[in-house]
Every structure is written in structure tokens, then in C-alpha cells.
Amino acid sequence: MKKIQVITLIIIIIIIIAGGSFYGGMMYGKNKNSNLGPNGSNFQTRINRPGDNGSNFILGEILSKEGDNIILKLLNNAGSKIIFYSESTQINKQAIGNAEDLGVGTLVSVTGTTNSDGSITAQSIQIRPAGENKPKL
């Protein structure tokens with residue numbers, strides 16, 4: 001009888017350890033994947049996570065331009081974003097660019113800070129070279 005109790009206790013301990021290991025692995029995996037977007041990519045899905053400084057990298061095609069803002073069509077039909085820029089925003093291309101270079105249809109990448117309404121205040125806008133293979137928008 002004593003032998004059966006020892007074997008039962010060992011089986012219970014093994015089950016508890018296996019269950020705890022499984023739970024720990026699930027929590028680790030959930031935390032590890034929390035930064036990924038719905039398609040498993042972290043590209044352009046990194047918008048103001050808790051503890052983040054709000055910095056973003058956005059790639060898209062300019063749909064419209066008015067005053068000190070542009071609207072970008074994001075990659076993979078991920079919608080659009082309003083991008084605000086100012087005189088202090090660095091605008092680059094193969095040579096130094098300016099706001100007049102931000103034309104409709106121009107492919108750009110933007111680095112900036114997310115505002116409370118979801119728009120972006122640009123810190124830099126990189127004009128992609130003409131004729132570059134466009135990613136699927």
C-alpha cells in the first residue's frame with residue numbers, strides 16, 4: 001500500500017511541474033508575440049506601446065497634401081495615416097528635399113511621434129527614389 005501512495009505522489013508532482021511549465025511557456029509566448037501585428041509582422045504595427053517613446057516608422061504612398069500635412073496610404077491595405085510636418089522636419093531624398101517634393105503618389109517613409117488622435121508628427125520624411133520597386137500598397 002505504501003508503494004502505491006509514493007507512485008501516486010510522484011505522478012501528481014510530475015503533473016504539477018508539467019502544468020506549471022506549460023503555463024509559463026504560454027505566458028512567455030504571449031508576451032513575446034504581443035508586439036506583432038495581425039499578420040505576424042511588426043512592420044508599421046508598432047504604434048505607442050506602453051512604455052514606448054511614441055516613435056514610429058511608417059511606409060506609404062502620399063494620397064494628398066494640404067498645408068503642413070500629408071495623408072499616406074499604408075502598406076498592405078492597412079489604411080491611411082495623417083502626417084504633420086514643420087520647418088524643423090528633416091525631408092530627405094537622394095539630395096536634400098523640401099515640402100514641395102512631397103507630391104501625391106510619392107513613396108515615402110516617415111519616422112515620428114503618434115499624437116492622441118492617431119495622427120503622426122513627423123521627425124523625418126524619407127522620399128523613396130523614383131522607379132524603386134514599390135511594395136504592395
Side-chain angles (χ1 to χ4, degrees):
M1 191 82 168
K2 190 107 169 139
K3 189 174 182 181
I4 292 175
Q5 289 174 340
V6 171
I7 291 174
T8 304
L9 183 61
I10 290 173
I11 290 173
I12 290 172
I13 290 172
I14 289 172
I15 290 172
I16 290 172
I17 291 172
S21 297
F22 179 78
Y23 178 77
M26 292 293 292
M27 295 308 293
Y28 175 78
K30 181 179 177 184
N31 188 31
K32 191 87 169 152
N33 289 331
S34 67
N35 298 333
L36 298 179
N39 63 356
S41 167
N42 63 0
F43 183 76
Q44 206 290 309
T45 57
R46 201 176 146 275
I47 307 282
N48 269 355
R49 293 185 316 234
D52 198 342
N53 66 1
S55 185
N56 298 287
F57 175 81
I58 308 292
L59 180 64
E61 183 178 327
I62 297 175
L63 290 176
S64 69
K65 175 185 171 187
E66 184 176 322
D68 63 352
N69 69 74
I70 55 178
I71 297 178
L72 290 186
K73 177 181 178 185
L74 304 177
L75 290 176
N76 299 322
N77 296 318
S80 61
K81 277 283 183 196
I82 299 172
I83 310 294
F84 293 101
Y85 60 90
S86 66
E87 290 179 12
S88 65
T89 302
Q90 185 178 15
I91 300 173
N92 300 313
K93 55 182 182 178
Q94 298 296 28
I96 296 295
N98 58 46
E100 286 76 38
D101 295 317
L102 300 175
V104 173
T106 302
L107 187 64
V108 297
S109 57
V110 177
T111 304
T113 305
T114 301
N115 302 314
S116 61
D117 64 357
S119 64
I120 307 274
T121 297
Q123 293 167 335
S124 74
I125 300 173
Q126 175 71 43
I127 298 171
R128 309 296 290 210
E132 179 179 272
N133 290 338
K134 284 187 177 182
K136 184 178 179 182
L137 295 174

>> Let's go through T113 and I120 carefully: what are the C-alpha distance in whole Å and the side-chain angles of both, what is the deciding distance for side chain to side chain contact (heavy atoms under 4.5 Å, CB included) to 0.1 Å, and is it a yes or a no?
In response: CA-CA 5 Å; T113 305; I120 307 274; over 6 Å; no
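Residue E100 comes nearest to K65 through the heavy atom pair CA-NZ, 3.7 Å, listed as atom of the first residue, atom of the second, then distance. Nearest heavy atom pair, residue Y85 against residue G67, reads OH-O, 3.1 Å. The heavy-atom pair separating E61 from L107 by the smallest distance is N-CD1, 4.2 Å. Taking both residues in full, the closest heavy atoms of I83 and A122 are given as CG2-CB, 3.8 Å, listed atom of the first, atom of the second, then distance. V104 approaches S64 most closely through the heavy-atom pair CG2-CA, 3.9 Å.
Through side-chain heavy atoms spaced under 4.5 Å, either directly or across other Ile, Leu, Val, Met, Phe, Trp or Tyr residues, F84 is tied to L63, I71, I82.
For the side-chain hydrogen bond (donor to acceptor under 3.5 Å, both in side chains) test, no residue two or more places apart in sequence or in another chain qualifies with T89. Among residues two or more places apart in sequence or in another chain, the side chain to side chain contact (heavy atoms under 4.5 Å, CB included) test is passed with I14 by I10.
A distance of 6.5 Å separates OG of S80 from CG of L74, quoted to the nearest 0.5 Å. Note that CG of N115 and OG1 of T121 are 3.5 Å apart. Values are rounded to the nearest 0.5 Å.
A heavy-atom distance below 4.5 Å is not found between the side chains of I91 and N98. A heavy-atom distance below 4.5 Å is not found between the side chains of D101 and T106.
Between the side chain of K81 and the backbone N or O of G118 there is at least one donor-acceptor pair closer than 3.5 Å. Listed for the D117 side chain is a donor-acceptor partner under 3.5 Å among the backbone atoms of S119.
A single hydrophobic cluster is not seen to contain both I15 and Y23; linkage of ILVMFWY side chains at heavy-atom distances under 4.5 Å, directly or through other members, places them apart.
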